[in-house]
Amino acid sequence: MKKIFDFKKVEEKWRDKWFEGDLYKAVDNDKGRKKKYVLVEFPYPSGSGLHVGHAFSFTGGDVYARFMRMQGYNVLFPMGWDAFGLPTENYAIKVKRKPQDVTKENTDSFREEMKSLGFSFDWSREVNTTDPNYYKWTQLIFIKLFEQGLAYKEERPINWCPSCKIGLADEEVVNGNCERCGTKTSKRNISQWIVKITAYADRLIDGLKDTAFIEKVKAAQINWIDKKEWIDITYPIQGTDETVTVATTRPDTNFGATFIVLAAEHPLVGKLIKGKIKTNQDLDEIQKYVKATLDKSELERQKEVSEGEKTGVFTGIYAINHLTKKPMPIWITDFVLGSVGTGAVVGVPGHDIRDFEFAKQFGLEILRVVVGKDGDQSEITDKKQVQEESGVMINSGFLDGKEINEATKLMMDYIEKQGWGTKTVRYHLRDWIFSRQHYWGEPIPMIKCEKCGWVPVKKSDLPIKLPEVERYEPTETGESPLANMQEWVNTICPVCKGPAKRETDTMPNWAGSDWYFVRYVDPLNKEFIADLSKQSYWLPVDTYIGGDEHNTLHLLYSRFIHQFLYDQKAVTTPEPYYQRVSHGVILGSDNRRMSKTRGNVIVPGDVTAKVGSDVARAYLMFIGPFDSTMAWNESALNGVKRFVSRVYSFVADNSKKFKEDGSPEVTHFLNKVNIFSKTALERFQYNTVVAKFMETMNFLDKVGADQVSKANIEDFVLMIAPFVPFVAEELWSMLGNEYSVHAQKWPTPRKTSIVEHSMELPVQINGKVRGRVTISDQISEFELKKLVEEDVLLNRHFEGKLIKKFIYVKGKIVNVVV
RNA sequence: GCCGGGAUGGCGGAAUAGGCAGACGCGCUGGACUUAAAAUCCAGUUCUCGCAAGGGAGUGAGGGUUCGAUUCCCUCUCCCGGCACCA
């Protein structure tokens, strides 16, 4: 009688039992075993429940963690909640409930779903960024940053979302729109806490060499930081005492500089408008242009880029080119950004596309100072002739004949020697705007005293808990709703005991997720962020599994905070993560990103209700490479379901019948499966492992249970256990073994009488496979040649032809060239 | 535009220190079981010529290195992800 796999019964049987004991607990400071810290990015517990993307990446992590346990490692595989954030706040506003309560509900249901999916998290280490016992440390980190001069308050234009009524970091503005709600953002001046991440720019680059991140992740980080050597050149302005300082990375082309362009924000523009610098140009016109530019949003500016139109206005004043002594007209334009370099650029229209377009537009002089590979020395009249990236200098005095990179170095030294300018290193990376004007975040633990200025809260007063407020909406002024809480806001200065006010801004989402992996090491510690001896055992994270979308910012911010904590001797390693593994994305069955509006969202709960957790897990691991983009395919799910059912039935039906000795062929086959799976698992090639298990099942069915020994089948159950933990546990117990299969070691290949003495060797004629011959592994090349020549199927391909060459790659292939 | 990744049957994908292309799954075709369907099981399934034996073509396009290239090199096309008037 065939036993049918009843996943509900099996899952219910084991689900809770696993968490009653210490099965998945990581043991601190276990010197007897090697440790492995496997981390998956903790989720934001949204109200809509676990997403299939979560199920996918967590399954990947879980398979790895289980495999590593079987390899004898002491595995730390924790889970927690990145629970601060706008969706919960917005939901709370909508249904008029406390975000704390909503969060509690969401995390409870997430945890239950995760247990149902069989994830082997060590729940004794669960953390929650919204727990005051957790954010106490997030706040302390901020205070430390402030004390080290790495956090400062500054009024500066920020991106403002009129809908969310919140200031956004540059990174949160996507194409001029709010990342969350899509509303067009504008600029607004607000006093913000800024964190000086740029102070760590070099170390963020250098530290990468101590990690095993894949190239694309390292590249993303380095490109984002984008360290370059610049030179700031100061030019005198004709007929005044004023100067203008431009910033450039390409001084080599300076002989070709014919104009200067200023950003609308440039101080010189202000002086001009106020009449402090004389000009014959129409001041009204200049003012009009400047105002229009400053009012423009990033989006509008970008639109103009795609249209390729350059705009600008002439100031009427000139700077003198040191090299050519020629006057260069100074213009104002919107394509120069105030926040980049010095906000002033020297225009070299021959060798910069933007400068060329600008010069064309306004009839400015275009000089050629670089010749490209094509040798074209003619006047530059077309965009295509503009040599930007490579070439050799001409018309450039002492630089003539030099290659541009060499010329750049020479010119930088020359300019410095002449006292015209100074070399400086700049980064694309900007300081980090750390303030949010919302309720559901960590309060920034700072107090503004009328006398003492900004002072941090006393450490003994931490955590500064979020007070319960009536309304969670941001205030009309754009301040956080905390600003309305007079009794909370008004406090006394920790230094002078005078009247003072609390900061009402809260921290950005990143704050809690920057250091959570440290807390997992020692989540209940009341005295310290995490005990140093426990840290030195567990850190760094060995394998960090996460999405590509976090490869730049999350990784950068979190590495920065970690490096800072290392300097403060609060953590034990200079880098937080050793290996970074990116998981792929699962698209809807329509091959498009899952979204509610498209109605193509797959929820893991629906899948597990139909086919059970094991099948869902195995399916997710099977549909494609772990790091690629895949589409959900319901019918492929059936294939995996079939496989799991077959395994179950095969073992269950024969559980009492497996003999001591099976066929050596079976052992031999399983040994190969073992070695293949082990290697593939180490490389996260899950899809090929599942495929190999399917192949194994096909093989077992073919040979029949009477050829399979008990040891064989136990080995197979052990190997599939990381993928299908419920079925494996059930079958393990059916086979009469003690609980639990998940506490077992990965099987060792077994001895078998089979040694491959003979093999089928493929034979190529002129590089094309034409047949095969059976050979013994002792065969000599001479014997083989004879064998091939006498083979009826093969020799007709070279009958009457001359064998020019006979190539035998031992154990692989033969190629006959005729 | 820049950086990164990719392109293999009807589909998802296997196979790269250069060596049997298409593992495994889906789908499809035929068969068994069934009153029937589903489920399950068996056989087949890159395209193409051929009744067959067998032949020809074939890993985005073109070229190169090699006895031999999906794999290495050069040129190009398209797709995906990220960044972008960064001077």
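This structure is a prediction, so every number in the text was calculated from the model and none was measured. Numbered from 1 within each chain, the chains take letters A, B, ... in sequence-line order.
- Within the 4.0 angstrom heavy-atom criterion, only backbone atoms of the sugar-phosphate kind lie near Asp226(A); the bases stay farther away.
- Tyr289(A) and Thr311(A) share a donor-acceptor pair across their side chains, judged by distance under 3.5 Å alone.
- Atom CG of Leu637(A) and atom C1' of rC24(B) are 16 Å apart (whole Å).
- With both pairing distances under 3.5 Å, rA32(B) is matched to rU40(B) as a Watson-Crick or G-U wobble pair.
- With distances taken from any side-chain atom of Arg646(A) to the nucleotides rC41(B), rC83(B), rC85(B), the minimum falls on rC41(B).
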Item to check | Contact state string [nucleotides 1-23 of chain B, B base, S sugar-phosphate only, - no protein heavy atom under 4.0 Å] | outcome: --SS-------BSSS---BBS-B
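- The separation of rU16(B) from rA52(B), taken at their C1' atoms, amounts to 38 Å, rounded to a whole angstrom.
- For rA17(B), there is no paired base (Watson-Crick or G-U wobble, both distances below 3.5 Å).
- Picking from rC26(B), rA87(B), rC67(B) the nucleotide with the shortest atom distance to the side chain of Arg642(A) gives rC26(B).
- When rounded to the nearest whole Å, the span between NZ of Lys641(A) and C1' of rG25(B) equals 15 Å.
- When Watson-Crick and G-U wobble pairs are counted only if both distances are under 3.5 Å, rG25(B) pairs with rC11(B).
- Atom CD of Gln221(A) is separated from atom C1' of rG82(B) by 13 Å (rounded to the nearest Å).
- Proximity of a side-chain donor or acceptor of Gln579(A) to a complementary backbone N or O of Ala212(A) within less than 3.5 Å is not detected.
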Checklist entry - Do Trp331(A) and Phe259(A) pass the ring-ring contact (aromatic ring centres under 6.0 Å, His included) test, and can you show the C-alpha distance, the side-chain angles, and the key distance before you say yes or no? => result CA-CA 8 Å; Trp331(A) 287 66; Phe259(A) 61 94; 7.9 Å; no
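- Under the side chain to side chain donor-acceptor pair (under 3.5 Å) test applied with Arg426(A), the options Thr198(A), Asp226(A), Asp232(A) reduce to a single match, Asp232(A).
- Judged as a side chain to side chain donor-acceptor pair (under 3.5 Å), the pairs with a partner in residues 627-640 of chain A (not counting sequence neighbours) are, in order, Lys610(A)-Glu634(A), Trp632(A)-Glu634(A), Asn633(A)-Ser635(A).
- Atom pair Asn638(A):CG and rA38(B):C1' shows a separation of 12 Å (rounding to whole Å applied).
- Side-chain contact, Thr234(A) with Thr245(A): a donor N or O sits under 3.5 Å from an acceptor N or O.
- For the pair Lys310(A) and Phe335(A), the cation sits on the ring face: its NZ or CZ lies under 6.0 Å from the ring centre, inside 45° of the axis.
- Counting to the nearest Å, the P atom of rC83(B) and the CG atom of Leu429(A) are 14 Å from each other.
- Backbone-only engagement by Val817(A) is indicated by non-hydrogen atom pairs under 4.0 Å involving sugar-phosphate atoms exclusively.
- The closest donor-acceptor contact from the side chain of Asn600(A) to the backbone of Arg593(A) lies under 3.5 Å.
- The glycosidic torsion of rG13(B) lies more than 90° away from 0, placing the base in the anti range.
- If you measure from atom CD of Gln361(A) to atom C1' of rC85(B), you get 14 Å, rounded to the nearest angstrom.
- Taking atom CD1 of residue Ile765(A) and atom P of nucleotide rC67(B), one finds them 17 Å apart after rounding to whole Å.
- Regarding Phe699(A), its CZ atom lies at a distance of 15 Å from the P atom of rG25(B), rounded to whole Å.
- Considering only the side chain of Asn698(A), rC24(B) comes nearest among rC24(B), rC85(B), rC26(B).
- Leu670(A) CG to Lys672(A) NZ: the interatomic distance, rounded to the nearest 0.5 Å, is 11.0 Å.
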Checklist outcome for this item: Under a 4.0 Å heavy-atom criterion, the protein footprint on nucleotides 54-60 of chain B, written with B, S and -, is SSS-B--
